Structure formats: C-alpha cells, structure tokens
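Structure record follows, encoded as structure tokens.
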Amino acid sequence: MPLVRSDLDRVQNQREVVSAVGSKAANPLNVLLPWRYVRLNVAATSFIAVDEETNVVEAARMGLALRAIGGGARNCTVPLADSSAESWDETRSSALFEAIATDETDTITDDLCTATGLEP
C-alpha cells in the first residue's frame with residue numbers, strides 16, 4: 001500500500017507549480033508588451049488546450065484562476081477513508097462531488113475539503 005504522505009506531497013507541489021505559472025501568466029505586462037504577449041501565447045499553446053473562441057480575456061481569467069490555486073483559493077483533496085490515497089471515503093467524497101456538480105460549493109464544509117483528504 002503506498003504511503004499517502006508522498007502522494008499528498010506531490011499534490012501540494014503540483015499546486016505550487018500551477019500557482020507559479022498562473023502568477024507569471026497573469027502579469028499585465030504580458031498583454032501590454034507585444035513581445036511578451038507573443039512569447040506567452042507560443043508557450044501556452046504547447047500545454048493548454050484552447051479553441052478558436054478563446055480570447056485574451058478568457059485566457060487572462062484562466063491565468064488568474066491558476067494563480068489563485070496557491071493563494072486564498074480553497075483547495076481540496078478527494079476525501080480519504082484512511083492513510084491510503086487509493087481508498088476514498090465514499091460518504092464524504094460523494095457529498096463533495098455533489099456540491100461541485102450542483103454548483104453549491106459554498107456548502108462545502110471543512111470536513112469535506114482538506115488539503116490531505118483526511119478528516120480534520
């Protein structure tokens with residue numbers, strides 16, 4: 001059985017990377033300076049899937065959302081039943097996913113949304 005701590009450390013590291021990328025992308029100079037704008041767009045198209053309808057405003061919103069992951073945004077790991085990252089807590093995870101699916105994220109309680117997935 002894998003150790004949950006290594007999985008959870010990886011998740012936290014991924015959040016930090018995504019947040020740093022979002023902070024760099026959300027810099028206003030990336031829109032104001034043409035060479036930075038072109039460089040960012042070339043780099044972004046290699047790792048972000050967009051379509052013809054995606055515009056600068058939507059791209060900026062994505063950058064701001066990515067930046068928020070490391071800041072004040074609430075980050076949840078799937079609720080776990082025990083120290084195995086492979087054993088979800090069915091009751092808590094169902095409640096979390098239902099709140100997300102029905103766009104009622106303001107009802108998500110602290111026992112459903114933890115950084116480790118384990119009950120507080």
Side-chain angles (χ1 to χ4, degrees):
M1 198 179 301
L3 292 175
V4 74
R5 193 69 241 166
S6 64
D7 290 337
L8 298 174
D9 288 344
R10 179 185 43 78
V11 168
Q12 182 57 38
N13 291 339
Q14 289 172 337
R15 286 180 179 147
E16 290 174 14
V17 168
V18 168
S19 176
V21 169
S23 291
K24 290 252 185 209
N27 186 326
L29 292 177
N30 290 330
V31 175
L32 299 174
L33 302 174
W35 60 90
R36 286 181 69 164
Y37 178 78
V38 169
R39 221 171 61 200
L40 176 64
N41 281 295
V42 169
T45 57
S46 68
F47 66 90
I48 296 176
V50 296
D51 61 22
E52 301 82 32
E53 311 255 335
T54 303
N55 59 40
V56 172
V57 173
E58 290 170 343
R61 284 185 185 151
M62 274 193 285
L64 290 171
L66 292 174
R67 183 175 67 177
I69 289 172
R74 195 167 188 195
N75 293 291
C76 304
T77 298
V78 174
L80 301 175
D82 56 36
S83 62
S84 168
E86 298 172 357
S87 60
W88 289 7
D89 180 322
E90 293 296 328
T91 303
R92 291 172 51 237
S93 59
S94 293
L96 175 65
F97 295 144
E98 179 67 21
I100 293 169
T102 58
D103 198 23
E104 296 177 357
T105 54
D106 56 329
T107 66
I108 296 173
T109 57
D110 289 342
D111 65 312
L112 297 179
C113 179
T114 66
T116 62
L118 300 171
E119 288 190 81

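Keep in mind that this is a model prediction, so the values were computed, not measured.
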Heavy-atom pair with the smallest gap, counting every atom of Pro34 and Leu32 |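 Minimum heavy-atom contact is CD-O, 3.5 Å.
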What heavy-atom pair brings Leu96 and Pro79 nearest, and what distance separates the two atoms?
->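 Shortest heavy-atom contact: CD2-CD, 3.6 Å.
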Nearest 0.5 Å, what's the CH2-OG1 distance between Trp88 and Thr77?
-> 11.5 Å
Rounded to the nearest 0.5 Å, how far apart are CG of Leu112 and CD of Glu119?
->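 Reported to 0.5 Å precision, the distance equals 9.0 Å.
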Kindly say whether Ala81 contributes a backbone atom to a donor-acceptor pair with the side chain of Arg92 at under 3.5 angstrom?
->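 No.
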Val78-Leu118 co-clustered via ILVMFWY side chain contacts under 4.5 Å |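 Same cluster.
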